[in-house]
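Numbering starts at 1 and runs along the sequence shown. Order of listing sets the numbers, starting from 1, for every ligand and every atom in it.
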Amino acid sequence: MKIKEICPSVWYVGVNDRRTALFEGLWPIPGGVSYNSYIVEGSESIALIDSVHVAEGPELLDNISEVLGKGKVAWLVVNHMEPDHSGSISTMLSAFPDLKIVCNRQAAGMIGGFYKITDQERFHIVCDGDTLSLGDKTLKFTMTPMVHWPETMMTYLVEDKVLFSGDAFGTFGALNGAVIDEEMVVEPYFEEMYRYYSNIVGKYGTAVQKAFSKLQSVEISAICSTHGPVWKRDIKRALDITDRLSRYESEPGVTIVYGSMYGNTARAAEAVAEGLAEGGVKTIKIHDASVSPMSYMISDAFRYEGLVVGSPTYSMTLFPPINQFLEALKTREVRCKVFGAIGNHTWAPSPLPTLINAWAEEMKLPLLGMVKVRQAPDESTKEQVKELVDNMLGQLRR
Ligand SMILES: Cc1cc2nc3c(=O)[nH]c(=O)nc-3n(C[C@H](O)[C@H](O)[C@H](O)COP(=O)(O)O)c2cc1C
Ligand SMILES: [Fe+2]
Ligand SMILES: [Fe+2]
C-alpha cells in the first residue's frame with residue numbers, strides 16, 4: 001500500500017477496469033480506465049472520496065479494508081454522480097451502515113433517483129465553500145457545475161493542499177501498478193487526456209473555465225482526479241492542457257478527416273496533406289472516417305489548429321460517418337479552426353458545398369476553401385488543392 005499513499009493519511013483505493021470495451025458505451029478504451037477513489041483519515045473520522053463503478057464495489061471494499069483494517073468509513077463524499085463513480089454507493093452503505101453521504105442538494109436528488117436512497121438522515125448536504133472537519137484534517141467543498149454534470153463539485157483537503165477534482169484532469173488508461181505521476185512514464189496518459197477531455201467534457205469549456213477561476217488562488221500539492229494518475233510533479237502540465245482545451249486553444253498541426261467509398265476523395269485528402277507538409281506543417285493526423293473511431297477524430301480535431309473535412313456525396317447528402325463527425329463537433333461547440341473542405345460527387349448538382357458552408361457558418365469557422373472533385377481527381381483538383389493549402393498555410397502556425 002505504500003505506493004498508494006498520496007500524502008500522510010491519504011490513500012488511493014481505486015480500481016482498474018480493463019474489460020469495458022467502450023466507456024459510456026461510446027469511447028474505445030483499449031488501455032482500460034481507472035475509477036479512482038481515495039481515503040482521507042482524520043484524527044476523529046474517516047472519509048472516502050467518490051466510489052467506483054458498480055461492478056468493482058467489492059474490490060473497492062477490499063482496498064479500503066487493506067488501508068483501514070477494521071476502521072470505519074464515516075463519510076462518503078460524492079463529488080460527481082455519474083455511475084462510474086457513484087455505482088457502488090449501495091455497496092458502501094451495506095459495508096458501513098452508519099455512513100453519511102456528503103454531497104450537494106442536486107446530487108442528493110440524483111442519489112434518490114438512481115439508488116432509491118431517500119432517507120434525509122443519510123445525507124450531509126454541503127454548499128459552495130462549506131467545510132467538514134475530520135479532526136486534524138478539513139475538507140472544503142467547491143461547486144463546479146457542468147464539469148462534467150450539473151451536480152459536480154470538487155473537494156479540497158486544506159491541511160495537505162490536495163484537490164479531489166472529480167473528472168477534471170482525468171485520463172483514459174488503467175493504472176499499471178503505480179498511481180502517482182512521479183512513479184511512472186506519464187506520456188501515454190497525457191495523450192489520453194486530450195481524448196478524455198474532448199470526448200467526455202468537451203462541450204463544457206465555459207464551465208471548466210469558471211472552475212479554474214474559482215481555484216485560481218488555491219495552492220495545490222496533488223490533484224486526485226477520478227480517472228488516471230494522481231498529479232504531483234506534473235500538476236502544471238495537467239492544468240495547462242485542460243486550461244487550453246477548455247478555451248478551445250489548439251496546437252500547431254492539422255487534422256484531416258475524410259470519408260471515401262472508392263478512394264477518390266481519399267486521394268484528394270492525401271494531396272492536401274502533402275501540400276501542407278511541403279509548407280512546413282509537421283503534425284498532420286489523417287483519419288479515414290470509416291476506419292478511425294469517432295473518439296480519436298474528435299480528439300485530434302480539438303487538439304490541432306487546422307481541420308480539413310472530405311466527403312463524397314451520398315444519396316444527396318454527406319457521407320454518413322462525416323455527417324456524424326460534424327455533428328459531434330457541433331455538439332462540442334468546437335471553435336477557432338483553420339478550416340478547409342473537400343467534396344466529391346458523381347452526378348450534378350452536389351448539395352455538399354451548401355451543407356458544408358451552412359455547418360461552417362453555424363460553427364463560425366470561416367471556410368478557407370473547398371476542393372470540388374467530380375468522380376476522380378484531375379488537373380483542376382491539383383489547382384484547387386494548391387489554393388486551399390496556400391490559404392490554410394497563410395493562417396497556420398508552424
Ligand atoms: C450509395 C451511394 C450513393 C451515392 N449518392 C450520390 C449522390 O447522391 N450524388 C452524387 O453526385 N454522387 C453520389 N454517389 C457517388 C459518390 O459520391 C462517389 O462515390 C464519389 O463521387 C467518388 O468518391 P469516392 O471514390 O471517394 O467514394 C453515391 C455513391 C454511392 C455508393
Ligand atoms: Fe463524468
Ligand atoms: Fe468519470
Tell me whether His227 has at least one N, O or S atom under 2.8 Å from the Fe ion (ligand 3).
yes
Is there a nitrogen or oxygen of Pro312 sitting under 3.5 Å from a nitrogen or oxygen of ligand 1?
no
Considering distance alone, does some N or O of Gly263 sit under 3.5 Å from an N or O of ligand 1?
yes
Backbone or side chain, does His85 get an N/O/S atom under 2.8 Å to the Fe ion (ligand 3)?
yes
Could you check Asp167 against His80 for side-chain hydrogen bond (donor to acceptor under 3.5 Å, both in side chains), going step by step and ending with a plain yes or no?
CA-CA 8 Å; Asp167 280 345; His80 180 25; 3.0 Å; yes
Is the distance from the Fe ion (ligand 2) to some N, O or S atom of Glu82 under 2.8 Å?
yes
I'd like to know whether ligand 1 has Ser315 as a neighbour, heavy-atom separation below 4.0 Å.
yes
Angle subtended at the Fe ion (ligand 2) by His148 ND1 and Asp167 OD2, rounded to 10 degrees:
100°
Can we call the ring centroids of Phe23 and His227 under 6.0 Å apart?
yes
Separation between CZ of Phe302 and OG of Ser250, rounded to the nearest 0.5 Å
10.0 Å
Are Tyr156 and Phe164 an aromatic pair by the rule of ring centers under 6.0 Å?
no
According to the interplanar angle, ranging from 0 to 90°, do the rings of Tyr204 and His148 count as parallel (below 30°), tilted (30 to 60°) or perpendicular (above 60°)?
tilted
Gln375 contact mode with ligand 1 (heavy-atom cut-off under 4.0 Å):
backbone
